[in-house]
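See structure below.
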Amino acid sequence: MLRFAPSPTGDMHIGNLRVALFNYISSVQREEPLLIRIEDTDKERNIPGKEKEIFEILALFGIKHQEQQLQSDNLRFHRAMALQLLQDKKAFNCFCSAETLETKREASKEGKIAYRYDGACENLLDEEVIDNPLPFTIRLKKPNHPITVTDIIKGSSTFAPDDIDSFILMRADKYPTYNFACAVDDMLADISLIIRGEDHLSNTPKQMAIHEALGYTKKIEYAHLPIILGNEGKKMSKRDDASSVKWLLEEGFLPEAITNYLILMGNKTPTEIFSLKEAMKWFDLKTISKAPARFDIDKLKFINREHLKGLDPKELSRYVGFADEEIGLLAKVFLEEASTLKELRLKIKAIFEPKNVPDEYKEGFDVLRKLTLSAPHFDDYESYKAYLMEHSGLKGKTLFKPLRILIGGAEHGPEMADLYVHLKNYLKEVAK
RNA sequence: GGCCCCAUCAUCUAAUGGUUAGGAUUCCAGAUUUUCAUUCUGGCCAUACGAGUUCGAAUCUCGUUGGGGUCACCA
């Protein structure tokens, strides 16, 4: 079983989507089910409705899953396991207040030394624990040996016991922390391969320590994906528009193109343009680069354009707000200068809307417009052009510039003959 | 700062000890198109640095520098 475990605390991030995608591909390749687990243990941060949004996005990108669960539904298991660790003396109650810990943390920061839990409550006598009325957390005793994480992408890295530390499993409010809930749930779900972002790499030895303390011996495979960097060369944050899947969709990037780019970036692929289905055949976690990759919106635009070119005209027409194959074909013509659906919609809209004509072309424009409205139907651009030339007396730039504005909606654009074929049945409307 | 990871054009990558270090995106120039854009052709641009190992290093080793991640009773 593989799993994708997002938390419903914000908009779906592009990095999350990539993790979801890779999990999906790997689950299909390995013929193992995929579990979607919503990590909702932080009641304060959960945003109502985000969960639904996550499933909608997954569906939109064609990511299919076999099972789904809410992490909070496993609460009784988290508590039972914590109790067991306490009984086995693998964990202990900690009565240090958040404030005390905070001051100690500040102190080490000032002394420029790494903060570690000082073990204050590790060896309390049973009576001291029983009689203590203070709220408490439960901490795992740090392991007595280093833990090595073997990662499909990163190779292996070893962590010392001090770096794993005696961290908190259960908070004072009796709810599990992320690491504990995650480790228990992965164990319960019999997860075989965990694909997640590199920012979880330092959590992995902690979760392995939990498994070890619980006596769970199944060897889980790991793949930590390199971070996606924003323009600044730092981890993409909510502040980067492009990090939001919703934003990219609104900008007019096709899910297929986003998928293509997410698989392509920081990776070695046989071709540049491909579908998810094609990628299934050759995708391999081992070819993912170890170094973080920078998000390049220009490359995404290029890929989007390529996918747009391959789209069925009818479908493309619907995407730009029409229901006519001809408009779809017209949109394709505009693909030479537009690369997103949003840009395409603007170009097409400009053709059907009242035109903005610069003064120098106003006169010619009016002549051409009236001529077009009264002209007979011409099947091809050449005849239409000849008709206009004959009746207007215009030629060269004074003809073509206003004409372009009239039927192209802009001063610049694709070959007018290419526009005309798809517009000839709309001509009266366009010149209106 | 501690720990972990990384290092080929501006960006994403290819070259599994022997290549004029290749491709793509971006950018620029010429060409062509009765306007512009497109298209085509071409161009700019990289092995971070320093030591080894070797007949030979982008490739292996070590160091330096640089970059990133992470250090919560968040996930």
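From a predicted model like this one, the values you see are computed outputs, not experimental measurements. Order of the sequence lines fixes the chain letters, A, B, ..., with proteins taken first and strands second; residue numbering starts at 1 for each chain. Just the heavy atoms: all of them, side chains too, but no hydrogens, waters or symmetry mates, feed the values below.
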**Asked** Would you find a donor on one side and an acceptor on the other, under 3.5 Å apart, between the side chain of A/N179 and the backbone of A/K206?
**Response** no

**Request:** Could you tell me whether the side chains of A/Q71 and A/D40 share a donor-acceptor contact shorter than 3.5 Å?
**Result:** no

**Asked** Can you check whether A/S108 has a side-chain N or O nearer than 4.0 Å to OP1 or OP2 of B/rG2?
**Response** no

**Request:** Could you tell me whether the side chains of A/T398 and A/Y361 share a donor-acceptor contact shorter than 3.5 Å?
**Result:** no

**Prompt:** What string of B, S and - do you get for nucleotides 58-75 of chain B, 5' to 3', when a contact is any protein heavy atom under 4.0 Å?
**Reply:** ----------SSS-BBBB

**Any donor-acceptor N/O pair, A/D151 side chain to A/H224 backbone, under 3.5 Å** = yes

**Item:** A/I113 CD1 to B/rC3 C1', straight-line distance once rounded to whole Å
**Value:** 13 Å

**Request:** Please state the C1' separation for the pair B/rC9 and B/rC44 - nearest whole angstrom.
**Result:** 10 Å

**Asked** When rounded to the nearest Å, what value does the distance between P atoms of B/rU39 and B/rA46 take?
**Response** 27 Å

**Complete:** Residue pairs passing the side-chain hydrogen bond (donor to acceptor under 3.5 Å, both in side chains) test with at least one member in residues 282-296 of chain A, sequence neighbours excluded, are A/N267-A/T287

**Request:** Quick one, give me the B/S/- string for nucleotides 34-41 of chain B, reading 5' to 3', where B means a protein heavy atom under 4.0 Å from the base and S means that only happens at the primed atoms, P, OP1 or OP2.
**Result:** BBBBS---

**Nearest-angstrom distance, P atom, B/rA10 to B/rU53** = 32 Å

**Message:** Nearest whole Å is fine: how far is B/rU33 C1' from A/Y381 OH?
**Reply:** 12 Å

**Request:** Specify the separation, in whole Å, of atom CG of A/D151 and atom P of B/rC6.
**Result:** 10 Å

**Asked** P atom, B/rU8 versus B/rC55: distance in rounded Å?
**Response** 29 Å

**Message:** Taking any heavy-atom pair under 4.0 Å as a contact, classify A/T269: base, sugar-phosphate, or nothing.
**Reply:** nothing

**Prompt:** In whole Å, what is the span from the CG atom of A/L300 to the P atom of B/rC12?
**Reply:** 14 Å

**Asked** Given A/H200 and A/Y222, is the side chain to side chain donor-acceptor pair (under 3.5 Å) satisfied, shown in steps?
**Response** CA-CA 11 Å; A/H200 284 289; A/Y222 293 92; over 6 Å; no

**Item:** Atom-pair distance (CZ on A/F274; C1' on B/rC12), nearest Å
**Value:** 12 Å

**Message:** Looking at B/rU13, I'd like to know if its phosphate oxygens (OP1 or OP2) sit under 4.0 Å from a side-chain N or O belonging to A/K268.
**Reply:** no

**Request:** Go through B/rC12, B/rG1, B/rU13 for me and flag the one nearest to the A/K112 side chain.
**Result:** B/rG1

**side-chain contact (heavy atoms from CB on, under 4.5 Å) partners of A/M1, counting only residues at least two apart** = A/P33, A/L35, A/E67, A/I191

**Message:** Test of understanding: with side-chain contact (heavy atoms from CB on, under 4.5 Å), list the residues that count as partners of A/R79, not counting sequence neighbours.
**Reply:** A/L75, A/M170, A/K174, A/Y175

**Message:** Restricting to non-hydrogen atoms, name the atom on A/P402 and the atom on A/L368 that form the minimum distance, rounded to 0.1 Å.
**Reply:** CB-CD1, 3.9 Å

**Prompt:** Which base, if any, makes a Watson-Crick or G-U wobble pair with B/rA10, both distances under 3.5 Å?
**Reply:** B/rU25

**Asked** Has A/K109 got more than 12 heavy atoms of other residues, nucleotides or ligands less than 6.0 Å from its NZ?
**Response** no

**Request:** Can you tell me the pairing partner of B/rC49 across any strand shown, Watson-Crick or G-U wobble, with both distances under 3.5 angstrom?
**Result:** B/rG63

**Item:** Per-nucleotide protein contact string for nucleotides 21-31 of chain B, where B marks a base within reach and S marks sugar-phosphate only (heavy atoms under 4.0 Å, - for neither)
**Value:** ---BSS-----

**Asked** Counting only N and O atoms by type, is there a donor-acceptor contact under 3.5 Å from the side chain of A/H65 to the main-chain atoms of A/L58?
**Response** no

**Asked** When the distance from CG of A/N267 to C1' of B/rU11 is rounded to whole Å, what number comes out?
**Response** 16 Å

**Asked** Looking only at atom P, what distance separates B/rU38 and B/rC27, rounded to whole Å?
**Response** 9 Å

**Message:** Measure CG/A/D418 against C1'/B/rU33 and give the value in whole Å, please.
**Reply:** 11 Å

**Request:** Could you give the distance separating B/rA58 and B/rA24 at their P atoms, to the nearest angstrom?
**Result:** 24 Å

**Request:** Verify, without hydrogens or angle tests, whether A/Q207 (side chain) and A/T204 (backbone) share a donor-acceptor contact under 3.5 angstrom.
**Result:** no

**Fill in**
Checking N1-N3 plus N6-O4 or O6-N4 for Watson-Crick, or N1-O2 and O6-N3 for wobble, each under 3.5 Å, the partner of B/rG18 is B/rC55

**Asked** Would a line drawn from the ring center of A/F295 to the ring center of A/Y261 be shorter than 6.0 Å?
**Response** yes

**Message:** Between B/rG56 and B/rG17, how many Å separate the two C1' atoms, rounded to a whole number?
**Reply:** 7 Å

**Message:** Can you check the distance between B/rG50 and B/rG42, where both ends of the measurement are the P atom (answer in whole Å)?
**Reply:** 35 Å

